[in-house]
Amino acid sequence: MLIHTIKEVREQVKEWKKLGLTVGLVPTMGALHNGHLSLIKKAVEKCDRVVVSVFVNPIQFCPGEDLEKYPRTLEADTKLCDDAGVNIVFAPSPAEMYGENQMRTNDFLTYVIPPFFYVNKLCGKSRVGHFDGVCTVVNKLFNIVQPDFTFFGEKDAQQLIIIQKMVKDLNIPVEIIPCPIVREESGLALSSRNKYLSDEDKIHALALSKILNNIKNCYKKGITDVEALKETAYQFLDEHHDLEYLEFMNQNDLEETTKADDTTRVFIACKVGGVRLIDNILLGEK
Ligand code: PAF
């Protein structure tokens, strides 16, 4: 069922709660791919009822980013959700979420601001304000849907860690279920922005997963010095790659590390053919 208003979602969820049913929420910006479908599948397995939100959230885009051209494929998304057993696709307009006036002067909106320590690094460094927009909309979605469980992909690991922190700090009564990265057979992590890549870009984009897998192999062989592990990346990079960062951080609190261990997550962001791609790997994972 496709719903566009907060009021209708609330009414429906209220009915489910009266019957004692558990509710799962999968927040998305649409352009659904197999990565999203893996979250949706998990939600359908775990919860009695599932809501998928499809909302290209304007306040998490920075000036000059791809808000206008971000792929919008609501019809196809709704069909995929229906086939997967989703009960509600919630696709509000920006005005429904933020009000007409607040869309024009969104400085006046009440924001949820995650701690500087979590956002002044990785994607937050170049995307100033991005995680304020993410936390604000996710908090709103939690308040609207009041889910028992919510599902986030490890592909956006910094986002996942920040949302875990928000839920803990604000005592939000929802359990977050982290879901592993889904990759193409080639190793490329699935992302809605892969749509912007040409066939040739896609080949160059494999550098990200190759760098991460190689670092993990070196770590498994006993190299723990982060500088030495970083050095191993350069063999995979050439003029087709614009590396933004390659960072090693504790996967629970994003503390930077100089000596890798099993709790270290390696994060990479790199532009290929003008498209900004991110990926990550947990060194301790089997
Ligand atoms: O990961 C995304 O698609 C978005 O950041 C999210 C969590 C749906 C918030 O808009």
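In each ligand, atom 1 is the first atom listed, and ligand 1 is the first ligand listed.
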- line: Counting from 1 in the order shown, the ligand 1 atoms closer than 4.0 Å to a non-hydrogen atom of Val137 are 9 (C), 10 (O)
Nitrogen or oxygen atoms of Gln60 and ligand 1 under 3.5 Å apart: yes
query: Tell me: protein heavy atom nearest atom 3 (O) of ligand 1, and distance?
result: Met29 CG, 3.6 Å
message: Enumerate the ring pair (Phe, Tyr, Trp, His ring centres under 6.0 Å) contacts for residues 55-94, please, sequence neighbours excluded, ordered by first and then second residue.
response: Phe61-Tyr70
query: Counting each atom of ligand 1 from 1 as listed, which ones have a heavy atom of Phe152 under 4.0 Å away?
result: 7 (C)
message: If we set the cut-off at 4.0 Å for heavy atoms, which region of Thr28 has an atom near ligand 1: side chain, backbone, both, or neither?
response: backbone
query: Should Gln159 be counted as touching ligand 1, given the test is an N or O pair under 3.5 Å?
result: yes
message: Under a 3.5 Å threshold, yes or no: a donor from one side chain and an acceptor from the other, between Tyr98 and Asn57?
response: yes
- prompt: Would you say the side-chain atoms of Thr136 pair up with the backbone N or O of Val112, donor to acceptor, closer than 3.5 Å?
  reply: yes
- line: Those residues at least two apart in sequence (or on a different chain) that pass side-chain hydrogen bond (donor to acceptor under 3.5 Å, both in side chains) with Asn280 are Arg265
- request: Considering only NZ, NE, NH1 and NH2 on the basic side and carboxylate oxygens on the acidic side, decide whether Asp253 and Lys165 come within less than 4.0 Å.
  value: no
